[in-house]
Amino acid sequence: MTEPASQPAPQTDLNATERLRVILSAVAIVTLVGVSLSVSGPLLALEMERWGTPSAIAGLTATLAGVGNLLFVPFVPRLAARFGVKWLVATMLLLAAGLHFAFWALPNLWVWAAFRFMLGAAIGTLFVLSEYWISAAANPLRRGFIMGAYATALALGFAIGPLMLTVTGTQGMLPYAATAVLILTGLMPLKLIGPSAATVHGSPRASVLSFVRLAPAATLAALTVGAIEIGAFTQLSIHGLRMGWPEDSAAMLVSAFAIGNVLFQMPMGWLADRLDRRKILLGIALSATVIACCLPLTGSAFWPHAGLLMLLGGLVGALYTVGLAHLSSRFAQADLVSANAAFVMLYSVGQMAGPPLLGAGIDVAGTWGVPVTVAMVLALYGFVVASRLRAGPARG
């Protein structure tokens, strides 16, 4: 199969106002979805805990969201071409909102498992198409910075979401209804986006999974981020306890990692507009590997450890921003939708693989488990990027 030629994303004929309207609308949609996800995750987990559901079974139902993502997202490019991007986004917003009402109306473990599978498919579709809109509307000269702004907004959404539960509580209809209404507000920016948003014409020249081979430096960035980011969010508290720190301090390690994620996105995106993005991806991977290896050197000193984790979280999160910007610069139209689908799918695979991988590292190596496992993942990704750079400028 012939590799699609490198080319800028479409929509270069838009004026600055139209570009901004499309980008802000798409960012608003996906950020609202991110907030909703960060609410529904703990909400459903707490409810299943009240039912007395074993943790392993509860975790399995959460994993089904990733499975739904993986199975449905490959069909998104053709569905978007056939029915239109706006129609598909609106449908998935309505489905996601309806499922949250359904969670409250039908409180049954196995029914919820099916609903989470469907929710994963809807959320994955929204991420693919929103990122496509942003990529297509972004000025090629500022694409990295814009992707950084998008990633920052999404990270803030994930951080803010759980605060909703302090207002709505975790029982009764209110938290489910509030989450559903929040998702439905995504229809407003969808209306405001107007005719300027990119559409999809024709079919991609390659299957979704083929883009992993065509652009491994970009797509495998998503896999790396998903594994380390979600693994860190679930296992850093355990790591902190193994280090001998109290629970509140151990929980602060997660916050430190998340703060770095928020702070680094836009500066690294700005840098990605000025240098070879593959070299930036390699530099990030190598720097993050070194930082992960330095974590054990802090010993029992909490704040140096937390500071290194903040740097690590920022660099790992920047892989997503720079990887997405690199991907967006290489493909257009239906190819770009398929490439985004591959990106989101690999992020989902990483989400499912990361927590057990880091957990196994803790079981095997104790306090060294998280640093060593994270360093190995980053070094492996760095090797892939280095090999692409050696292959020449046309290789992704």
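- A donor-acceptor distance shorter than 3.5 angstrom exists from the side chain of T185 to the backbone of L182, with no hydrogens or angles considered.
- A donor-acceptor pair under 3.5 Å is absent between the side-chain atoms of S338 and the main chain of V208, judged by distance alone.
- Using a distance-only test at 3.5 Å, with no hydrogens or angles considered, no donor-acceptor pair links the side chain of T31 to the main chain of A28.
- Put simply, the side chain of V370 does not reach to within 4.5 Å of the side chain of R242, judged on heavy atoms.
- Applying the 4.5 Å side-chain rule to ILVMFWY residues, one finds L20 in the same cluster as L24.
- For W51, the ring pair (Phe, Tyr, Trp, His ring centres under 6.0 Å) test picks out W112, with sequence neighbours left out.
- Residues V167 and L174 are not in side-chain contact: their nearest non-hydrogen atoms beyond the backbone lie 4.5 Å or more apart.
- In this structure the side chain of F302 never reaches within 4.5 angstrom of the side chain of M243, judged on heavy atoms.
- Within the 4.5 Å cutoff, side-chain heavy atoms of L236 are placed close to those of H239.
- By the side chain to side chain contact (heavy atoms under 4.5 Å, CB included) test, A353 pairs with no residue at all, sequence neighbours left out.
- Using a 4.5 Å cut-off on side-chain heavy atoms (C-beta onward), S135 and L336 make contact.
- Rounded to the nearest 0.5 angstrom, I291 CD1 and I284 CD1 are separated by 11.0 Å.
- Remark: T298 pairs with P304, H305, L308 by the side chain to side chain contact (heavy atoms under 4.5 Å, CB included) rule, at least two apart or across chains.
- Distance alone, capped at 3.5 Å, places no donor-acceptor pair between the Q235 side chain and the L358 backbone.
- Think of L297 as one node in a network of Ile, Leu, Val, Met, Phe, Trp and Tyr side chains linked at under 4.5 Å; it has no links at all.
- Annotation: the span from L126 atom CG to L190 atom CG amounts to 9.5 Å, rounded to 0.5 Å.
- Under the 4.5 Å side-chain criterion, counting only non-hydrogen atoms from C-beta, V374 is not in contact with V377.
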Scan the side chains in residues 256-269 for donor-acceptor partners under 3.5 Å anywhere in the protein, sequence neighbours excluded, and list what turns up.
residue : atom : partner : partner atom : Å
N261    : OD1  : Q265    : NE2          : 2.7
N261    : ND2  : E229    : OE2          : 2.5
Q265    : OE1  : T321    : OG1          : 2.3
Q265    : NE2  : N261    : O            : 2.9
Q265    : NE2  : G317    : O            : 3.3

Evaluate the criterion side-chain contact (heavy atoms from CB on, under 4.5 Å) for residue pair H326 and S329; output intermediate values, then yes/no. CA-CA 5 Å; H326 179 47; S329 69; 4.1 Å; yes
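- Applying the salt bridge (charged side-chain N to carboxylate O under 4.0 Å, His left out) criterion to R277, with sequence neighbours excluded, gives D273.
- At least one donor-acceptor pair closer than 3.5 Å links the side chain of R274 to the backbone N or O of W270.
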Verify side-chain contact (heavy atoms from CB on, under 4.5 Å) between R50 and T170, making sure each step is shown before the conclusion. CA-CA 11 Å; R50 285 192 284 268; T170 61; 3.4 Å; yes
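- A distance of 12.5 Å separates CZ in F383 from CG in L286, rounded to the nearest 0.5 Å.
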Quiz: residues 90-107 side-chain donor-acceptor pairs under 3.5 angstrom, not counting sequence neighbours:
residue : atom : partner : partner atom : Å
T91     : OG1  : W87     : O            : 2.8
H100    : ND1  : A96     : O            : 2.8

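- Between L119 and I123, some side-chain heavy-atom pair lies under the 4.5 Å cut-off.
- A donor-acceptor pair is defined here as one N or O able to donate and one able to accept, closer than 3.5 Å; such a pair exists between the side chain of R330 and the backbone of L214.
- Not one N or O on the side chain of S249 forms a donor-acceptor pair closer than 3.5 Å with the backbone of W245.
- Remark: the backbone N or O of A325 is not paired with any side-chain donor or acceptor of R143 at under 3.5 angstrom.
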Derivation of the side-chain hydrogen bond (donor to acceptor under 3.5 Å, both in side chains) call for T61 and R116: CA-CA 7 Å; T61 66; R116 295 189 92 161; 3.2 Å; yes
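- Checked against side chain to side chain contact (heavy atoms under 4.5 Å, CB included), A80 has the following partners two or more places apart in sequence or in another chain: V85, L88, L129, V200.
- How far CG of L389 is from CG of L282: 6.0 Å, rounded to the nearest 0.5 Å.
- The OG1 atom of T373 sits 10.0 Å away from the CD1 atom of I228 when rounded to the nearest 0.5 Å.
- Formation of a donor-acceptor pair under 3.5 Å by the T219 side chain with backbone atoms of A215 is found in this model.
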List the steps, then state whether ring pair (Phe, Tyr, Trp, His ring centres under 6.0 Å) holds for F127 with Y347. CA-CA 11 Å; F127 273 108; Y347 182 79; 8.0 Å; no
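- L241 belongs to no hydrophobic cluster, as no Ile, Leu, Val, Met, Phe, Trp or Tyr side chain comes under 4.5 Å of its own.
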Solution key, residues 68-77 side-chain donor-acceptor pairs under 3.5 Å, sequence neighbours excluded:
none

Take V254 and S237 through the test side-chain contact (heavy atoms from CB on, under 4.5 Å) and record every step on the way to the result. CA-CA 7 Å; V254 181; S237 294; 3.6 Å; yes
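- Listed for the S36 side chain is a donor-acceptor partner under 3.5 Å among the backbone atoms of L32.
- Cluster partners of M376, using a side-chain heavy-atom cutoff of under 4.5 Å among ILVMFWY residues and allowing indirect links, are W368, V372.
- A distance of 11.0 Å separates CZ of R142 from CZ of R19, quoted to the nearest 0.5 Å.
- Proximity of M147 to Y320: side-chain heavy atoms (C-beta onward) are nowhere separated by under 4.5 Å.
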Do F343 and F211 pass the ring pair (Phe, Tyr, Trp, His ring centres under 6.0 Å) test, and can you show the C-alpha distance, the side-chain angles, and the key distance before you say yes or no? CA-CA 9 Å; F343 195 86; F211 285 90; over 10 Å; no
